[in-house]
Amino acid sequence: MSSADFLLLDGKAASAAWKEHIRKEAAEGVLVGKHRPHLAAILVGDHPASAAYVAGKIKDCEEVGFKSTLLRFPADVHKEDLMEAIDALNRRKDVDGFIVQLPLPNHISEHEVLLAIDPAKDVDGFHPENVGRMALGLPTFVPATPYGILLLLEHFEIPTAGKHAVVVGRSHIVGSPISILLSQNTPAGNATVTLVHSRTEGLEEHLRNADLVVAAIGKPEFIPGSWLKPGAVVIDVGINRVERNGKSRLVGDVDFSSAVEVASAVTPVPGGVGLMTRVGLLMNTLKAAHGLR
Ligand code: NDP
């Protein structure tokens with residue numbers, strides 16, 4: 001593959017373009033009498049990564065002209081108090097959507113919390129009602145990472161129809177939903193999808209036949225370029241912290257340096273899917289504010 005044929009799927013450029021689109025839509029909405037979208041976030045405890053994710057989401061809201069509210073609780077919060085806060089957000093008319101940042105401390109069931117969120121405000125798209133709506137192709141809040149991947153593909157005009165997509169990983173937040181979305185009869189779908197996981201035999205063979213690879217494994221640089229089909233498009237969802245030469249850095253699930261020698265397009269890590277995930281949440285909040293779920 002010559003470098004002229006290679007496309008870096010730059011999440012920075014794509015997210016900036018989508019954020020500008022969202023900012024305009026929200027501003028135009030206000031001009032025709034809609035209210036400014038308002039996202040609330042619940043953060044339990046002070047886990048640095050969770051705090052950083054939530055801070056990023058609040059900053060994104062400011063950037064696109066949304067209102068935001070952050071509710072913080074200590075790690076030893078009583079379940080009842082948390083449930084009460086969720087109930088209050090469900091009832092607040094001025095809040096369009098909210099998220100409960102995961103993971104939660106062990107004494108609180110994430111499943112119970114997700115079920116307590118009003119599906120019409122579940123902008124993370126994790127409530128079973130919204131997952132069901134997504135699977136049926138009904139209007140819904142698509143989980144932020146798969147949504148961000150579809151928006152990235154749209155931004156770079158990468159076709160999916162008729163392509164063989166191999167999704168590596170079957171988590172409820174990434175692998176499973178993106179495999180469903182890519183296979184649906186929609187402009188962003190119509191791919192032929194193979195979903196592989198840790199029990200799959202012949203992973204390399206599957207990947208060698210993939211026009212589009214979505215890697216969501218959580219293992220640093222697990223997929224080398226030699227496993228890819230020449231010209232493949234690679235969406236690397238993985239975010240893994242590694243120590244190299246005494247320095248800490250982030251790498252994906254795909255070995256970037258060998259992948260760029262074979263693939264036609266690759267997302268960088270960092271600076272790829274992570275930024276688009278944040279766009280997915282903003283899109284869902286805009287939809288919630290405009291009654292478009
Ligand atoms: P999970 O741990 O929930 O799922 C990992 C999946 O990978 C599982 O389905 C597992 O299979 C599969 N897997 C593990 N080892 C192998 C293997 N050797 N071969 C094939 N499949 C394998 O992870 P997540 O989906 O939550 O996250 C995946 C990665 O993406 C992580 O690095 C995470 O940090 C990152 N991430 C990034 C986001 C972003 O915005 N960029 C958002 C969310 C996650 P099995 O089911 O059999 O165990």
Side-chain angles (χ1 to χ4, degrees), residues 8-12 14-15 18-19 41 47-50 52-57 59-60 99-104 110-111 114 123-126 131 134 141-153 155 165-182 193-210 213-224 226-228 234-242 248-256 259 266-284:
L8 182 73
L9 300 173
D10 180 9
K12 217 170 169 184
S15 69
W18 278 113
K19 278 184 181 171
H47 191 267
S50 293
Y53 286 141
V54 169
K57 290 167 187 177
K59 187 170 149 271
D60 289 340
I99 59 154
V100 179
Q101 184 66 42
L102 302 178
L104 291 170
E110 288 185 358
H111 186 62
L114 291 182
V123 284
D124 258 343
F126 294 155
V131 176
M134 180 204 61
F141 299 124
V142 171
T145 301
Y147 198 1
I149 293 171
L150 296 187
L151 294 171
L152 183 82
L153 293 172
H155 176 81
V166 172
V167 176
V168 194
R170 56 181 162 184
S171 72
H172 291 157
I173 60 167
V174 190
S176 171
I178 193 66
S179 70
I180 294 169
L181 292 160
L182 286 171
V193 180
T194 302
L195 177 63
V196 299
H197 45 76
S198 70
R199 304 292 293 273
T200 296
E201 289 179 10
L203 178 66
E204 289 182 44
E205 277 316 303
H206 288 295
L207 286 169
R208 279 207 189 91
N209 288 314
V213 174
V214 180
I217 316 168
K219 293 197 168 158
E221 297 168 332
F222 183 76
I223 299 174
S226 58
W227 292 7
L228 300 171
V234 178
I235 307 295
D236 191 352
V237 183
I239 301 179
N240 310 289
R241 190 161 286 284
V242 293
S248 167
R249 55 185 287 241
L250 295 178
V251 298
D253 289 340
V254 177
D255 175 38
F256 186 81
V266 183
T267 55
V269 178
V273 176
L275 295 172
M276 295 307 297
T277 293
R278 290 164 61 168
V279 172
L281 179 65
L282 291 174
M283 275 296 217
N284 280 338

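Indexing begins at 1, ligand by ligand and atom by atom, following the structure's order.
Residues I180 and M134 are in side-chain contact: their nearest non-hydrogen atoms beyond the backbone lie under 4.5 Å apart. Taking the side chain as every heavy atom from C-beta outward, V168 and L207 approach each other to under 4.5 Å. Looking only at side-chain heavy atoms (C-beta outward), V237 and I149 come within less than 4.5 Å of each other.
Counting atoms of ligand 1 from 1 in the listed order, those under 4.0 Å from a heavy atom of T277 are 39 (C), 40 (O). Of all atoms in ligand 1, numbered sequentially from 1 with element shown, those under 4.0 Å from a heavy atom of N240 are 32 (O). Atoms of ligand 1 found under 4.0 Å from any heavy atom of G169, numbered from 1 in the order shown, are 6 (C), 7 (O), 9 (O), 12 (C). Here is the list of ligand 1 atoms found below 4.0 Å of a heavy atom in G218: 28 (C), 29 (C), 31 (C), 32 (O). Short contacts between ligand 1 and G238, defined as distances under 4.0 Å to a heavy atom of the residue, involve ligand atoms 29 (C), 30 (O), 32 (O), 35 (C). Within ligand 1, the atoms closer than 4.0 Å to a non-hydrogen atom of T145 are 40 (O), 42 (C), numbered from 1 in the order shown. Distances below 4.0 Å separate heavy atoms of H197 from the following atoms of ligand 1: 11 (O), 19 (N), 20 (C), 21 (N), 22 (C), 47 (O).
Summary of contacts: the protein heavy atom closest to atom 18 (N) of ligand 1 is F222 CZ, 3.2 Å. Of the protein's non-hydrogen atoms, R170 NE, 2.7 Å is the one closest to atom 46 (O) of ligand 1. The single protein non-hydrogen atom nearest to atom 13 (N) of ligand 1 is I217 CG2, 3.5 Å, given as residue, atom name and distance. Protein heavy atom closest to atom 34 (O) of ligand 1, with residue, atom name and distance, is I239 O, 3.4 Å. Scanning the protein for heavy atoms near atom 44 (C) of ligand 1, the closest one is V174 CG2, 4.1 Å. For atom 4 (O) of ligand 1, the nearest protein heavy atom (residue, atom name, distance) is S171 CB, 3.8 Å. Shortest contact from atom 26 (O) of ligand 1 to any protein heavy atom: I173 CD1, 3.6 Å. Ranking the protein heavy atoms by distance from atom 11 (O) of ligand 1 puts S198 N, 3.2 Å first.
In this structure, F222 CZ and L203 CG are separated by 6.0 Å, a value rounded to the nearest 0.5 Å. In this structure, OG1 in T200 is found 7.5 Å from CG in L195, a value given to the nearest 0.5 Å. Taking OG1 of T145 as the start and CG of L152 as the end, the distance is 12.0 Å to the nearest 0.5 Å.
Residue T200 does not touch ligand 1, judged by heavy-atom distances below 4.0 Å. Here V237 has heavy atoms under 4.0 Å from ligand 1 in both its backbone and its side chain. Heavy atoms of K219 found under 4.0 angstrom from ligand 1 belong exclusively to the side chain. Residue V196 does not touch ligand 1, judged by heavy-atom distances below 4.0 Å.
Of all non-hydrogen atoms in M276 and A14, the two that sit nearest each other are SD-CB, 3.7 Å. In plain terms, the two heavy atoms of A41 and V54 that are nearest each other are CB-CG1, 4.1 Å. Closest approach of A215 to I223, counting heavy atoms only: CB-CD1, 4.0 Å.
Judged purely by atom type and a 3.5 angstrom limit, D124 has no side-chain atom pairing as donor or acceptor with the backbone of I99.
The pair D60-R278 counts as a salt bridge, with a side-chain nitrogen and a carboxylate oxygen less than 4.0 angstrom apart.
If you check the side chains of R241 and S248, you find a donor sitting under 3.5 Å from an acceptor.
Ligand 1 is never approached by G175 to a heavy-atom distance shorter than 4.0 Å.
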